[in-house]
Amino acid sequence: MNKSIALALGLILSVVFIPAQTFDKMAPQGFDVERKESPHGKIDTITYESKTVGTQRRALVYTPPGFKKKIQYPVLYLLHGIGGDEKEWFRNGTPQIILDNLYAQGKLTPMIVVLPNGRAMKDDRAIGDIMSKDKVEAFATFEKDLLNDLIPFIEKKYPVKKERENRAIAGLSMGGGQTLNFGLENIDKFAWVGGFSSAPNTKESQELLPEPTKANELKLLWISCGDQDRLMPFSRRTSDYLAQNNIPHIFYVEPGGHDFKVWKNDLYLFSQLLFKNIDQQAISAQLRSE
Ligand code: FER
């Protein structure tokens, strides 16, 4: 075969066999390293009045590079773990760097990211016995604070799209459990749901989703966990229940334990799917393949 025929054949074959959506399985090296030359988003600290808790509460808000008040943006609410607060992702997960780098490559739909404090109680700091009953219960109370106090505040103060298709929720560990609990209970409010290494606060599947077919309305239902994480059973049982009920979702088992290496990779992958036309089944198949 002469060279030009071989080249043409190669070209045709590559076009035919490139899947519709190619998707990294792991973030590439340098994905979380700040590039001075790239445009940066901005982090604000906001304070909102919580009727639920009866205090002024804090959250961080990341607006994307090139943010304009005249544009309306979709919103991702990104939740922390049991030992964290509104700064945990920012300090340990550097979402602002990961997302800046993805924007620089044109890989994200511009969105606002809100990093709340998910421990909805008067003293919401991660101090003392972080596993105490009142502190753990405060993670459940946050559902009310989020829906009735924080979301309305964000929607008043920032130029945001308010339909469910433009609202996402994700979180790590306790925040992953909150995400699955709140997201699946409020499918009328969230269309994009991502539980990373979800903790034992994840409700039992029957209680979590008594009417499984409702979850067909989600644009994305993402469940991920490190293969060395002892909390795997909570993700697996949720995914198993969804699979038994034929509910489209992504169950992504990745190398790693219960740590930010895994959660940064999750944010890198999950954020690229948000607010786009995606095919969960196709992505799920890619994440499973060798
Ligand atoms: C538990 C083990 C882990 C638990 C919570 C966690 C409430 C949460 C871990 C995290 O958020 O990193 O038994 O019970």
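Start at 1 and go down the list; that is how both ligands and their atoms are numbered. Predicted, not measured: the structure shown is a model, and the values here were computed from it.
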**Asked** Are side-chain N/O atoms of Asp24 and Gln272 paired as donor and acceptor at under 3.5 Å?
**Response** no

**Message:** Using ring centroids (six-membered ring only for Trp), state whether Tyr77 and Phe182 fall under 6.0 Å.
**Reply:** no

**Prompt:** Would you find a donor on one side and an acceptor on the other, under 3.5 Å apart, between the side chain of Asp100 and the backbone of Gly41?
**Reply:** yes

Between the protein and ligand 1, are there any N or O atom pairs that come within less than 3.5 Å of each other, and if so, what are their names and distances?
unit_1   : atom_1 : unit_2 : atom_2 : d
ligand 1 : 11 (O) : Ile82  : N      : 2.7
ligand 1 : 11 (O) : Ser173 : OG     : 2.8
ligand 1 : 11 (O) : Met174 : N      : 3.1
ligand 1 : 12 (O) : Ser173 : OG     : 2.8
ligand 1 : 12 (O) : His258 : NE2    : 3.0

**Check: Asn265/Glu254 side-chain N/O donor and acceptor closer than 3.5 Å** = yes

**Request:** Verify the ring-centre separation between His80 and Phe139: is it less than 6.0 angstrom?
**Result:** yes

**Asked** Could you walk me through whether Tyr62 and Phe90 pass the ring-ring contact (aromatic ring centres under 6.0 Å, His included) check?
**Response** CA-CA 10 Å; Tyr62 165 88; Phe90 176 65; 9.6 Å; no

